[in-house]
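Worksheet for the structure shown next.
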Protein chains: 2
Amino acid sequence: MRILEHPEPDKIQIDMVLSALADPIRRRIVNQLADGHDDQACIAFELPVSKSTSTHHFRILREAGIIEQRYSGTAILNTLRSDVLDELFPGLLTAIITAERSTAIRSASEA
Amino acid sequence: MRILEHPEPDKIQIDMVLSALADPIRRRIVNQLADGHDDQACIAFELPVSKSTSTHHFRILREAGIIEQRYSGTAILNTLRSDVLDELFPGLLTAIITAERSTAIRSASEA
DNA sequence: ACGATTGTTCGATAGTCATCGTAGTACGAT
DNA sequence: ATCGTACTACGATGACTATCGAACAATCGT
């Protein structure tokens with residue numbers, strides 16, 4: 001069975017987390033996970049990039065400790081590590097998700 | 001008189017803010033501003049980089065809308081735009097500053 | 001007027017990052 | 001066994017970024 005490496009909570013660094021979340025595509029993934037339920041396969045995210053780039057972004061998120069990925073057949077199910085992140089960096093994830101939403105609303109009302 | 005451009009609140013984008021805060025040196029600046037008082041000159045930040053690199057980082061922070069810079073003689077006084085940021089992205093700045101602090105504490109207790 | 005202080009500007013450079021296509025792997029279904 | 005699905009690995013590429021030193025600019029004291 002294939003194994004996916006995840007950082008232990010005490011190895012999760014604010015530096016990697018913020019770098020990961022600085023990318024709009026990765027924030028889109030995080031937001032969809034926050035909006036919807038857990039265990040969404042990578043293919044459920046209709047990202048405007050190629051497959052290999054998509055893999056790249058999911059990996060960055062996993063290695064930063066932001067998502068958990070586990071195999072289920074050929075698919076990979078993705079889950080936000082909200083509890084871990086909230087413990088380590090209280091309010092951070094919520095703030096970023098909220099920010100993204102309000103930005104979307106702002107730019108929509110401008111158009 | 002020299003003028004420094006600052007983005008209006010409605011031009012401040014989460015993308016630029018997070019990219020700016022993804023850099024440890026820039027977070028160090030933000031943290032020192034949050035810890036101390038407003039109006040600290042650039043030279044008050046003893047950064048492990050050259051002068052020109054320092055200028056670069058302060059500019060990124062200013063253009064992202066995170067700090068306000070204004071001339072006072074030959075010096076530039078820096079102030080966190082906390083109120084603007086809190087309005088736009090509630091909780092974000094606090095979360096990042098808190099995160100940085102707890103990370104510092106964690107890594108100190110490891111040593 | 002002169003010098004010291006504070007920060008900027010301008011290349012240059014080395015490193016990182018997002019992106020892609022192609023080829024490959026693992027698994028489920030038929 | 002074969003095929004389709006879902007994702008990975010690899011090498012290449014172009015863009016961006018942090019960094020530097022050297023030269024410059026603006027201001028303040030003396």
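Below, chains carry the letters A, B, ... as their sequence lines are ordered, and counting in each starts from 1.
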Exercise. Which residues satisfy the side-chain hydrogen bond (donor to acceptor under 3.5 Å, both in side chains) test with B/R101, sequence neighbours excluded?
Worked result: B/D35

Seminar exercise, completed: Between CG of A/L4 and P of D/dA6 the distance, given in whole Å, is 17 Å

For nucleotides 14-16 of chain D, print each protein N/O atom paired with a nucleotide N/O atom at under 3.5 Å, atom names and distance only.
none

Problem set entry | Interatomic distance, A/T94 atom OG1 to A/L85 atom CG [nearest 0.5 angstrom] | 10.0 Å

Exercise. What salt bridge (Lys or Arg N to Asp or Glu O under 4.0 Å) pairs are there with at least one residue in residues 69-88 of chain B, not counting sequence neighbours?
Worked result: B/D39-B/R70

For this session: Determine the minimum heavy-atom distance between B/S82 and B/L93, stating which atoms define it.
Result: CA-CD2, 4.1 Å

For this session: Kindly state which residues belonging to residues 32-41 of chain B come within less than 4.0 angstrom of DNA chain C, counting heavy atoms of the residue only, listed by number.
Result: B/A41

For this session: Return the value, rounded to whole Å, for the distance between atom CZ of A/R59 and atom C1' of D/dA6.
Result: 16 Å

Exercise. Can you list the residues that meet the side-chain hydrogen bond (donor to acceptor under 3.5 Å, both in side chains) rule with A/Q13, with sequence neighbours excluded?
Worked result: none

For this session: Using whole Å, report how far CD of B/Q69 lies from C1' of C/dT8.
Result: 11 Å

Exercise. Just how far is it from atom CG of B/N78 to atom CD1 of B/I67, taken to the nearest 0.5 Å?
Worked result: 4.5 Å

Problem set entry | Nearest-0.5 Å distance that lies between atom CD1 in B/I96 and atom CG in B/L18 | 6.0 Å

For this session: Please name all residues satisfying side-chain hydrogen bond (donor to acceptor under 3.5 Å, both in side chains) with A/T53, sequence neighbours left out, ordered by chain then number.
Result: A/S50

Problem set entry | Pairing residues for A/F45 by the ring-ring contact (aromatic ring centres under 6.0 Å, His included) criterion, not counting sequence neighbours | A/F58

Exercise. Taking C-beta and beyond as the side chain, do B/Q69 and B/H6 meet within less than 4.5 Å on heavy atoms?
Worked result: yes

Problem set entry | Inter- and intrachain pairs under salt bridge (Lys or Arg N to Asp or Glu O under 4.0 Å), touching residues 18-32 of chain B, at least two apart | A/D15-B/R27, B/R27-B/E100

Problem set entry | Distance in angstrom units between A/L61 CG and C/dA18 P, rounded | 10 Å

Problem set entry | Distance in Å, B/L21 CG paired with A/I14 CD1, rounded so as to fall on 0.5 Å steps | 9.5 Å

For this session: Hey, could you give me the NZ/CD distance between A/K11 and A/E63, rounded to the nearest 0.5 Å?
Result: 15.0 Å

Problem set entry | Nearest-angstrom distance from the residue atom CD1 of B/I76 to P of C/dG7 | 6 Å

For this session: Return the value, rounded to whole Å, for the distance between atom CD1 of B/I43 and atom P of C/dT6.
Result: 4 Å

Exercise. When the distance from CD of B/E46 to P of C/dG7 is rounded to whole Å, what number comes out?
Worked result: 13 Å

Problem set entry | Short side-chain N/O contact from B/T55 to OP1 or OP2 of C/dG7, under 4.0 Å | no

Strictly under 3.5 Å: I want the nitrogen or oxygen pairs between protein and nucleotides 12-15 of chain C, one per line.
none

For this session: Drop me the distance from A/S102's OG to B/L88's CG, to the nearest 0.5 angstrom.
Result: 7.5 Å

Exercise. Should B/L4 and B/R2 count as side-chain neighbours, where that means a heavy-atom distance under 4.5 Å?
Worked result: no

Exercise. Who are the side-chain hydrogen bond (donor to acceptor under 3.5 Å, both in side chains) partners of B/Q40, not counting sequence neighbours?
Worked result: B/Q32

Which atom pairs link the protein and nucleotides 28-30 of chain D when you take only N or O atoms and keep those under 3.5 Å?
none

Problem set entry | Gap between atoms OH and P, on A/Y71 and D/dC7 respectively (whole Å) | 9 Å

Can you check nucleotides 17-21 of chain D for protein contacts, nitrogen or oxygen pairs under 3.5 Å, and list what you find?
residue	atom	partner	partner atom	Å
D/dA18	OP1	B/R26	NH1	3.1
D/dA18	OP1	B/R26	NH2	2.7
D/dA18	OP2	B/H56	NE2	2.6
D/dT19	OP2	B/H57	NE2	2.3
D/dC20	OP2	B/S50	N	2.7
D/dC20	OP2	B/S50	OG	3.2
D/dC20	OP2	B/T53	OG1	3.0
D/dG21	N7	B/S52	OG	3.3
D/dG21	O6	B/S52	OG	2.9

